[in-house]
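Input: a single structure, listed below in structure tokens.
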Amino acid sequence: MPATRPVPAEPPRDLYGKERSDRATRVLDLIAESRLRWTTFVNRKEPPARIDDHRIPLTVVERRVEAHDTDVISLMLVAQDGRRLPAWRPGAHLDLELPSGRIRQYSLCGDPADQHSYRVAVRRIPNGGGGSLEVHDQLPVGTPLIVRGPRNAFPFVLPGYGSSAARVHFVAGGIGITPILPMVRMAHRLGVDWSMVYAGRSRDTIPFLSEVESFGDRVTVRTDDEHGLPTAADLLAGVGPDTSIYCCGPTIMTATIATAVRSMPGVEMYSERFSAPPVVNGTAFQVELAASGGVVDVAADRSVLEQVLEVRPDTQYSCRQGFCRTCKVRVLEGEVDHRDTVLTSAERAAGEMLICVSRCAGDRLVLDL
Ligand code: FES
């Protein structure tokens, strides 16, 4: 009987997917690199559209409503100078610099084979941090936009190309379909054995429904209003040994699957979360904001970012998971309990801290805010 493989608890450290230096990633890298070299040769007067290593000026060329309740729209983005765009692989995302200065991350949900446009989709979240409302209300066709990336914190490894699994099972919940859709397309195109459960509140609320249903009976769509809340057995129907599960959706759905997978020999799970991870082994402490002298109490189960946002709602953040660096702050006093995966030892020694995940190793921090 195959051994149970551990469930990865966190996204890979390397945002470009290089940490998983398995055979599949190397093969995909070689394919991508040779395609890039060929394209560079053919288009040697047309390098990729970048203004520096990470930022690309794009224009919104198309907006579409993707869910019947109109709460999800997609944006098609092309380079302002019409040049081809940097290549990406399923699971990658872009950082969008919104007109207000907010930075928000959205998964690429188009076709990686399309070298001249990116597609992202965004659900309107009325009580969120404002980023989704800005995308919905302030980015009409023709809007110029700077993006950073693409970066990949959720790399997809195909059976037969490095993964020892024989098949893939996808689970998507609502807007969680966005990173999954390019994976499904790639698996289907390469003849991989795959299946999928796509869940949501109702058929009106789930985006890209007709696109997903075009894959036929490999896909099971189940909605809460028709079938009730899904159990782990519903979401993992038909999953047996030697299966890789790729999951993206609400935290409760991901946690339910992760728990079930622990008792399923030969099943491995990879997931991407859209929300901040819960604080584990936290203790309460205080944070002083040096510029104002204000003091914020940080509860044992809350992040510094959450508590600082209550008094400084303009504080910059994006991923809330400790890998995009947007919330980086300098620590003037106090000892930091670093819980991110990206700051270098030099940055830590210089007093930098990511306040979305890292905490205080004592009882007080003074931040350069
Ligand atoms: S918000 Fe992304 S690292 Fe903190």
Side-chain angles (χ1 to χ4, degrees), residues 8-19 53-55 91-98 100-108 120 122 125 127-135 146-155 175 178-179 248 251 254 271-280 282 285 287 289 296 298-299 301-332 334 336-361 365 367-369:
E10 297 293 342
R13 293 165 59 95
D14 188 320
L15 299 181
Y16 296 84
K18 290 178 182 170
E19 179 181 288
D53 276 354
H54 296 289
R55 302 172 79 233
H93 66 266
L94 293 178
D95 292 349
L96 270 58
E97 295 182 8
L98 300 177
S100 65
R102 292 184 178 99
I103 297 171
R104 292 292 182 270
Q105 298 179 319
Y106 298 107
S107 296
L108 284 160
V120 295
V122 181
I125 304 173
N127 302 317
S132 72
L133 302 183
E134 214 173 316
V135 172
I146 298 291
V147 306
R148 301 180 201 166
R151 296 186 291 180
N152 199 330
F154 188 27
I175 193 67
T178 50
C248 187
T251 305
T254 308
S271 64
E272 181 169 68
R273 62 168 82 237
F274 282 163
S275 55
V279 176
V280 177
F285 57 95
V287 165
L289 311 182
V296 175
V298 180
D301 61 349
R302 309 271 316 268
S303 70
V304 176
L305 175 66
E306 278 179 280
Q307 308 259 217
V308 168
L309 280 171
E310 290 181 4
V311 294
R312 287 284 308 273
D314 58 336
T315 303
Q316 291 287 314
Y317 70 92
S318 182
C319 72
R320 293 178 294 157
Q321 297 172 46
F323 62 80
C324 75
R325 297 168 172 265
T326 307
C327 67
K328 189 168 75 171
V329 168
R330 202 149 57 86
V331 181
L332 303 177
V336 180
D337 170 12
H338 289 285
R339 298 187 175 195
D340 66 276
T341 57
V342 292
L343 287 187
T344 63
S345 47
E347 287 172 307
R348 291 181 181 190
E352 307 284 9
M353 169 187 185
L354 300 183
I355 60 172
C356 64
V357 289
S358 294
R359 306 183 64 79
C360 178
L365 290 175
L367 302 183
D368 188 14
L369 274 174

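Just so you know, ligand 1 is whichever comes first in the structure, and atom 1 is the first atom listed for that ligand. Note that the numbering runs from 1 along the sequence shown for the chain.
Ranking the protein heavy atoms by distance from atom 2 (Fe) of ligand 1 puts C324 SG, 2.3 Å first. The protein heavy-atom contact nearest to atom 3 (S) of ligand 1 is R325 N, 3.2 Å.
Checked by atom type and distance alone, the side chain of R339 pairs as donor or acceptor with a backbone atom of V280 at under 3.5 Å. Judged by distance alone, the side chain of S107 and the main-chain N or O of H93 form no donor-acceptor pair under 3.5 Å. At distances below 3.5 Å, at least one donor-acceptor pair connects side-chain atoms of E134 with backbone N or O atoms of S100.
Under a 4.0 Å N-O distance rule, the pair R325/D340 does not qualify as a salt bridge.
Note that R104 lies in the cation-pi zone of Y317, set by a 6.0 Å cut-off to the ring centre and a 45° limit from the axis.
Close approach of ligand 1 to G322 (heavy-atom distance below 4.0 Å) involves ligand atoms 3 (S). In summary, the atoms of ligand 1 found under 4.0 Å from a heavy atom of R320, numbered by their order in the structure, are 1 (S), 2 (Fe). Close contacts between ligand 1 and C356 involve ligand atoms 1 (S), 3 (S), 4 (Fe) [criterion: under 4.0 Å to a heavy atom].
Here K328 has no heavy atoms under 4.0 Å from ligand 1, in either its backbone or its side chain.
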